[in-house]
Amino acid sequence: LTGIDVASLGLPPKALAGCVLDFGPEAAARLPEIRIEIAEMERWVNSGGKSGRPGVVDRLDLRPAKDLFQGRQLAGLSARDVRAIGLDFSKAQLAGACFEGADLRGASFQDADLRGASFRNANLSHACFLGADTRALELRDGARRPVRFDGAILDGTGMRKQGAAA
């Protein structure tokens, strides 16, 4: 229901549960914070952890930052329980990222590096993974961390849960 004056519908809030609504002023006000977090994360990744800091945007509504993640160096990003409907993560370096419980409906991960990322219990309905690298992430100790989709909603992605019938 984005782009609609929901208040004019006269519906009780309970009737709108689960609906995608426009982001509010609180989310828009966090845009500078999100920009800083992305910049610090890229500094951390590009310096091999010598400067900057790991990125943490847990539980934020990222929709005001719709195109800020595209092509960025964000390995290890923590984005648990974020609202990132329609965001563009294409060509981003997201190896080891955590999107557990995130709402990523319609998000684009086209050509993104998702090795070892976790999407457990995420809503990925109609997300695009065309050309994304979803191989296991090889760790320094020789262990391998697979991409995880346990409990994720994959409707409209063209992907199937492991063990699903053909």
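Computed from a prediction, not measured in an experiment: that's the story for all the values here.
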Show me the donor-acceptor pairs within less than 3.5 Å that the side chains of residues 48-56 make with the rest of the protein, sequence neighbours left out.
| residue | atom | partner | partner atom | Å |
| --- | --- | --- | --- | --- |
| S51 | OG | S47 | OG | 3.4 |
| R53 | NH2 | E37 | OE1 | 3.1 |

What donor-acceptor contacts under 3.5 angstrom involve side-chain atoms of residues 146-154, with partners at least two apart or in another chain?
| residue | atom | partner | partner atom | Å |
| --- | --- | --- | --- | --- |
| R148 | NE | D150 | OD1 | 2.9 |
| R148 | NH2 | D150 | OD1 | 3.2 |
| R148 | NH2 | D150 | OD2 | 2.6 |

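What you find for A97 and F99 is that their closest heavy atoms are CB-CE1, 3.7 Å. Residue A102 comes nearest to A79 through the heavy atom pair CB-O, 3.9 Å, listed as atom of the first residue, atom of the second, then distance. A pairwise comparison of heavy atoms in A84 and A107 identifies O-CB, 4.0 Å as the closest pair.
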Inset, instruction - List the steps and the verdict of side-chain contact (heavy atoms from CB on, under 4.5 Å) for E100 and N121. - result: CA-CA 6 Å; E100 294 178 3; N121 301 312; over 6 Å; no
Inset, instruction - Give the C-alpha distance, both sets of side-chain angles, the deciding distance and a yes or no for side-chain contact (heavy atoms from CB on, under 4.5 Å) between V57 and L77. - result: CA-CA 8 Å; V57 292; L77 174 70; 4.1 Å; yes
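With rounding to the nearest 0.5 angstrom, the OG atom of S90 is 12.0 Å from the CZ atom of R72. Atom CG of L130 and atom CD of Q110 lie 4.5 Å apart (nearest 0.5 Å). Expressed to the nearest 0.5 Å, how far CZ of R63 lies from CD1 of I85 amounts to 5.0 Å. To the nearest 0.5 Å, the span separating CG on L137 from CG on L114 amounts to 11.0 Å. Taking CD of E26 as the start and CG of D61 as the end, the distance is 9.5 Å to the nearest 0.5 Å.
R144 meets the salt bridge (charged side-chain N to carboxylate O under 4.0 Å, His left out) test with E138; sequence neighbours excluded.
Between F109 and F89, the angle of the ring planes stays under 30°, which puts this pair in the parallel group of the 30/60° scheme.
Atom CZ of R30 has 12 or fewer neighbouring heavy atoms from other residues, nucleotides or ligands inside a 6.0 Å radius.
E42 places a side-chain N or O within 3.5 Å of a backbone atom of Q73 that can act as its donor or acceptor partner. Distance alone, capped at 3.5 Å, places no donor-acceptor pair between the D58 side chain and the L60 backbone. A side-chain donor-acceptor contact under 3.5 Å links Q93 to the backbone of A95.
Side-chain atoms of F129 and M159, non-hydrogen and from C-beta on, do get closer than 4.5 Å to each other.
Tested against L68, the residues D88, L31, L87, L62 include a single side chain to side chain contact (heavy atoms under 4.5 Å, CB included) partner, L31.
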